[in-house]
Amino acid sequence: MFQKPNPMTPPPGRRPAERPRFLRGRGPVTALAAALLGVTAAGAAWSATPAAARTTTAIRTCAVSDLYLSTGAKEGAAGSLYWPVRFTNTSTTKCALRGYPGVSALDGAHHRIGPAAKHSGRAYGTVTLSPGHSATAVLRTTNGPVGGPCERTGTYLQVYPPASRTATLVPAPWKTCSGVFQTGPVNTDGGF
C-alpha cells in the first residue's frame with residue numbers, strides 16, 4: 001500500500017523541523033485574533049450606521065437674515081476707542097458664528113472710507129446663539145489723531161458676519177484715526 005507522507009517528517013537526509021514558535025502558545029494568538037475580529041466587526045457595524053445617527057445635530061451658521069446688528073456704547077482707554085458691534089439672533093432656531101466679521105466704514109453714499117478693519121489676532125471659538133441672544137465683535141481705533149490724521153466720519157458700518165458673503169449696513173458715525181482700524185472676533189465675553 002501507498003503510505004501518505006507526514007508533513008512533520010523531514011525528507012531523507014534533513015533534520016526534523018521545529019514547530020514554528022507562533023503555534024506553540026495558541027491561547028494568546030487565538031485571543032488576539034478573536035479581539036481583532038471583534039474590533040473589525042464593531043467598526044463595520046458602526047460604518048453601517050447612518051451618519052445622522054452617529055453625529056449630534058450640527059448647528060447651522062447664522063445668515064444675515066437671522067441677525068439684527070447694532071452698536072453698543074463706545075469706550076475709551078489708553079489712547080484707544082473701542083466700539084462693540086452686537087449680533088442678535090432674531091430667528092426661531094439656534095445658529096452659530098465663528099471668527100471675525102468683515103467691517104468697513106462707509107459714507108452716506110455707501111462709498112468706503114479708508115481700508116477695511118484688520119483682525120486683532122485674538123483666538124476664537126464657535127459662538128452658538130439661541131433665539132434672542134447676542135454676541136459682540138469689538139472695533140478699535142485710536143482716540144483721536146495720535147500718530148496720524150483721522151479719516152472723515154462715516155455714516156455706516158458695512159458688516160459681513162463671519163462666513164457670510166452678504167453684508168448689512170449699521171448706522172454708525174465711525175471715524176478711523178491714525179490708520180488704526182481693527183476688529184476682534186465674535187465672542188460673548190466682550191473682549192477685543
Side-chain angles (χ1 to χ4, degrees), residues 51-52 55-192:
T55 60
T56 58
T57 303
I59 296 176
R60 65 187 177 77
T61 300
C62 299
V64 170
S65 60
D66 298 322
L67 299 169
Y68 173 73
L69 276 68
S70 59
T71 55
K74 294 179 183 177
E75 293 183 22
S80 291
L81 178 69
Y82 297 94
W83 203 4
V85 174
R86 187 176 303 114
F87 298 80
T88 303
N89 180 358
T90 58
S91 74
T92 58
T93 60
K94 289 182 181 180
C95 64
L97 293 170
R98 179 179 175 82
Y100 289 86
V103 184
S104 296
L106 304 181
D107 64 16
H110 300 177
H111 297 112
R112 192 166 82 180
I113 302 171
K118 295 180 181 176
H119 298 172
S120 68
R122 177 183 170 175
Y124 57 84
T126 300
V127 175
T128 301
L129 296 177
S130 296
H133 288 86
S134 300
T136 60
V138 178
L139 305 179
R140 176 185 171 263
T141 189
T142 61
N143 198 356
V146 181
C150 294
E151 300 278 350
R152 59 194 164 99
T153 302
T155 306
Y156 302 100
L157 289 173
Q158 180 182 38
V159 182
Y160 290 85
S164 177
R165 292 178 184 238
T166 306
T168 190
L169 295 181
V170 180
W174 178 264
K175 179 168 58 175
T176 299
C177 290
S178 305
V180 176
F181 186 18
Q182 295 178 308
T183 179
V186 174
N187 63 81
T188 55
D189 62 12
F192 174 67

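Note that this is a predicted model, so its numbers are computed, not measured. Throughout, numbering of the chain's residues begins at 1 and tracks the sequence.
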Can you pull the salt bridge (Lys or Arg N to Asp or Glu O under 4.0 Å) pairs that have at least one residue in [range], sequence neighbours excluded?
range	answer
residues 145-156	D107-R152
residues 166-176	none
residues 74-88	none
residues 59-72	R60-D66

Mind checking what makes side-chain contact (heavy atoms from CB on, under 4.5 Å) contact with [X], not counting sequence neighbours?
X	answer
K118	none
S130	K94, H133
A163	T61

Is there any side-chain hydrogen bond (donor to acceptor under 3.5 Å, both in side chains) pair reaching into residues 135-149, and which pairs are they, with sequence neighbours excluded?
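side-chain hydrogen bond (donor to acceptor under 3.5 Å, both in side chains) check on residues 135-149 returns S80-R140, R140-Q182, T142-S178.
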Considering only residues two or more places apart or on different chains, which pairs with a residue in residues 156-174 satisfy side-chain hydrogen bond (donor to acceptor under 3.5 Å, both in side chains)?
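For residues 156-174: W174-T176.
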Where is the tightest heavy-atom contact between [X] and [Y], given as atom of each residue plus distance?
X	Y	answer
V127	V186	CG2-O, 3.6 Å
W83	A172	CH2-CB, 3.5 Å
G191	V138	O-CG2, 3.7 Å
T183	A137	OG1-CB, 4.1 Å

So do the side chains of [X] and [Y] get within less than 4.5 Å of each other, counting heavy atoms only?
X	Y	result
S120	P185	yes
L157	L139	yes
L106	L169	yes

With T88 via side chain to side chain donor-acceptor pair (under 3.5 Å) - residues at least two apart
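If we apply the side chain to side chain donor-acceptor pair (under 3.5 Å) test to T88, skipping adjacent residues, the hits are S134.
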State the SG-CG distance between C95 and L67, to the nearest 0.5 angstrom.
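So the gap between those two atoms works out to 5.5 Å.
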So how far is it from T188 OG1 to L129 CG, rounded to the nearest 0.5 Å?
9.0 Å
Partners passing ring pair (Phe, Tyr, Trp, His ring centres under 6.0 Å) against F87 (at least two apart in sequence or in another chain):
none
Show every donor-acceptor pair shorter than 3.5 Å between a side-chain atom in residues 97-105 and any protein atom, with sequence neighbours excluded, or say none if there are none.
from: R98; atom 1: NH1; to: T126; atom 2: OG1; distance (Å): 3.1
from: Y100; atom 1: OH; to: G121; atom 2: N; distance (Å): 3.0
from: Y100; atom 1: OH; to: R122; atom 2: N; distance (Å): 2.8
from: Y100; atom 1: OH; to: R122; atom 2: O; distance (Å): 2.8

